Every structure is written in structure tokens, then in C-alpha cells.
Amino acid sequence: MAGAASVDDFRPHAGFVLSLIAAVLILAGGVAMLGYSSGPYGGMMGGYSGMMGGYGGGMMSGYYGMMQGFGGWFYGFAVLGIMTGVLVLFGAIMMYDRPRQAAMWGVMVLVFSVVSFFGAGGFFVGAVLGILGGILALTWREVRATISPC
């Protein structure tokens with residue numbers, strides 16, 4: 001039948017796709033940040049001869065640097081990026097799987113995309129796409145064809 005609607009017609013495709021891309025970018029950003037924070041000698045931002053200085057001191061280097069190794073803020077932001085990426089991915093999958101609850105999953109994607117800004121937000125592009133995907137899920141309405149009496 002040419003005019004029959006399938007089940008896929010009643011899903012928030014645009015919100016799902018944007019949220020899925022956002023989740024992948026946020027996860028990639030968190031993993032990249034984790035790699036930088038746990039690299040040799042404390043990663044790119046610190047350590048013995050890191051990009052931002054030597055062993056002795058400075059805000060971004062040295063033994064007690066702000067962005068130093070596993071114990072530093074940089075590592076925490078990396079873990080936050082990975083966690084928010086997983087939660088945005090879960091929200092996107094559930095948005096597609098349960099389209100009648102798209103608004104609830106859209107709120108989840110929206111909130112964790114905003115939180116992901118603290119973990120670099122998937123190179124910031126991922127967070128913006130997640131915000132757009134969450135908004136699209138919130139505004140999506142299921143439209144069913146009606147039969148009009150003639």
C-alpha cells in the first residue's frame with residue numbers, strides 16, 4: 001500500500017539522530033581528555049616536561065598542578081565527559097525505542113548535554129547537538145493519520 005504509514009513514521013527521528021551523534025562526540029571527547037590526563041608524566045597538561053610547564057610549579061604543571069594526572073581536575077572532567085556521553089546515548093536509544101515517552105528522554109538528553117560542557121562537551125559540538133536533539137524530542141508530537149468521513 002502506497003499510503004499506509006509504518007511504525008517508523010511515528011518516531012522522533014531528528015531528535016534521535018542528533019542525540020546519537022552528540023553522544024558519540026561527547027564520549028569521544030571524554031575518552032580523548034582521559035588519554036591526555038593519564039598519559040606519560042601526567043599527560044599533556046603537566047608532568048616533568050608537559051606542554052604547560054616543567055616539574056616545579058605553575059597552575060597547569062608541576063607536582064601539584066591543577067590539571068595534573070589521575071588526581072587532578074582534568075581527570076575528573078574526563079570521567080564526567082564519559083558519564084554524560086553514556087547517559088546521552090542511553091537517552092537517545094530510549095527516545096527511539098519508546099517514542100511515546102520522547103519528551104522525558106528529551107529532557108534527559110538536554111540536561112546531560114548541558115552538563116557535558118564541563119567535560120568538554122564532545123569538543124563542544126556534541127553538547128550543542130545534544131541540546132538541539134533534546135529540544136527536538138521535547139517538541140516532537142506523534143501525528144496519526146485520521147480518517148475523515150466524506
Side-chain angles (χ1 to χ4, degrees), residues 2-47 49-53 58-146:
S6 68
V7 176
D8 284 340
D9 292 338
F10 307 118
R11 296 185 189 274
H13 289 291
F16 165 71
V17 169
L18 286 177
S19 300
L20 188 66
I21 294 169
V24 169
L25 287 172
I26 292 168
L27 276 169
V31 168
M33 189 181 283
L34 184 65
Y36 285 131
S37 69
S38 62
Y41 308 113
M44 184 176 81
M45 295 294 184
S49 60
M51 187 174 86
M52 296 294 188
M59 187 173 84
M60 292 189 188
S61 66
Y63 189 71
Y64 295 106
M66 185 174 79
M67 295 182 160
Q68 173 75 28
F70 279 107
W73 289 94
F74 203 62
Y75 178 75
F77 289 142
V79 171
L80 180 69
I82 292 170
M83 288 183 352
T84 56
V86 167
L87 290 168
V88 169
L89 179 64
F90 178 72
I93 291 170
M94 294 306 289
M95 180 191 313
Y96 188 79
D97 190 46
R98 298 185 180 166
R100 292 187 188 260
Q101 301 170 343
M104 179 178 72
W105 300 115
V107 168
M108 181 178 175
V109 167
L110 184 65
V111 167
F112 286 110
S113 293
V114 169
V115 171
S116 77
F117 271 118
F118 293 105
F123 313 107
F124 297 104
V125 174
V128 171
L129 290 177
I131 290 168
L132 291 175
I135 290 171
L136 285 174
L138 282 171
T139 59
W140 178 79
R141 297 288 175 252
E142 183 177 5
V143 178
R144 298 255 181 202
T146 57

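Nothing here was measured: the structure is a model prediction, and the numbers come from that model. Residues take their numbers from the sequence shown, with the count starting at 1.
Of the inter-residue distances, the one linking Leu138 atom CG with Arg141 atom CZ reads 8.0 Å to the nearest 0.5 angstrom.
The two atoms that bring Ala78 and Met33 nearest to each other are N-SD, 3.5 Å, heavy atoms only.
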What donor-acceptor contacts under 3.5 angstrom involve side-chain atoms of residues 80-93, with partners at least two apart or in another chain?
unit_1	atom_1	unit_2	atom_2	d
Thr84	OG1	Leu80	O	3.0
Thr84	OG1	Gly81	O	3.1

Using a 3.5 Å cut-off and no angle test, enumerate the donor-acceptor pairs between side-chain atoms of residues 126-134 and protein atoms at least two apart in sequence or in another chain.
none

Determine all donor-acceptor pairs shorter than 3.5 Å in which one atom belongs to a side chain in residues 101-119; sequence neighbours excluded.
unit_1	atom_1	unit_2	atom_2	d
Gln101	OE1	Trp105	NE1	3.4
Ser113	OG	Val109	O	2.7
Ser116	OG	Ser113	O	2.6

For residues 16-29, dump all side-chain donor-acceptor pairs below 3.5 Å to protein atoms at least two apart in sequence or in another chain.
unit_1	atom_1	unit_2	atom_2	d
Ser19	OG	Gly15	O	2.7

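Between the side chain of Arg11 and the backbone N or O of Tyr96 there is at least one donor-acceptor pair closer than 3.5 Å.
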